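Below is one structure, written out as structure tokens; comments come after it.
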Amino acid sequence: MENNIYALRTHQQLTQQELADAVNVTHQTINAIENNKYDPTLSLAFALAERLETTVDQLFQH
């Protein structure tokens with residue numbers, strides 16, 4: 001599943017570590033999600049969407 005996390009994160013001038021800290025995961029997890037190597041849990045997807053000020057639908061594309 002492709003996502004817009006990198007674009008949204010960099011638009012807000014957040015590092016992977018800053019986003020990771022905000023949603024209580026490691027920066028490796030953020031990197032894996034951005035590179036489509038890991039699909040986040042539903043709760044993590046909602047946390048990412050909230051921190052990046054978007055919806056889960058906008059964050060992830062089918």
Side-chain angles (χ1 to χ4, degrees):
M1 179 181 329
E2 294 190 23
N3 65 72
N4 297 317
I5 295 173
Y6 175 81
L8 292 166
R9 177 179 63 76
T10 57
H11 178 74
Q12 293 186 17
Q13 299 180 334
L14 293 171
T15 65
Q16 286 183 344
Q17 187 63 58
E18 290 169 331
L19 180 56
D21 290 345
V23 297
N24 299 312
V25 297
T26 66
H27 77 277
Q28 291 95 335
T29 299
I30 299 300
N31 183 273
I33 295 169
E34 285 183 355
N35 289 296
N36 299 311
K37 295 179 188 254
Y38 175 74
D39 289 333
T41 63
L42 192 55
S43 61
L44 178 52
F46 276 105
L48 288 166
E50 182 177 342
R51 175 58 190 89
L52 294 170
E53 300 173 352
T54 191
T55 64
V56 173
D57 287 342
Q58 295 278 334
L59 200 58
F60 296 94
Q61 303 166 352
H62 305 289

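Residues: numbered from 1 along the sequence shown. We use all heavy atoms of the structure for the numbers below, so side chains are in, but hydrogens, waters and symmetry mates are not. Note that the coordinates shown come from a computational prediction; the quantities given were computed from them, not determined experimentally.
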Nearest-0.5 Å distance, CD1 of residue I30 to CG of residue L44 = 6.0 Å
query = Closest heavy-atom contact between R51 and L19?
reply = CG-CD1, 3.7 Å
query = Which heavy atom in E34 sits nearest to a heavy atom in Q16, and how many Å separate them?
reply = OE1-NE2, 2.9 Å
key: Q12 atom CD: more than 12 heavy-atom contacts under 6.0 Å   = yes
ask   = Would you say the side-chain atoms of N3 pair up with the backbone N or O of I33, donor to acceptor, closer than 3.5 Å?
value = yes
Main-chain N/O of T55 paired to Q58 side chain as donor or acceptor, under 3.5 Å = no
task = Among N4, I5, L48, L8, find the residue that satisfies the side-chain contact (heavy atoms from CB on, under 4.5 Å) test when tested with T54.
result = L8
task = Supply the atom-to-atom distance L52 CG to R9 CZ, rounded to the nearest 0.5 angstrom.
result = 9.0 Å
ask   = Closest heavy-atom contact between A45 and V56?
value = O-CG2, 3.8 Å
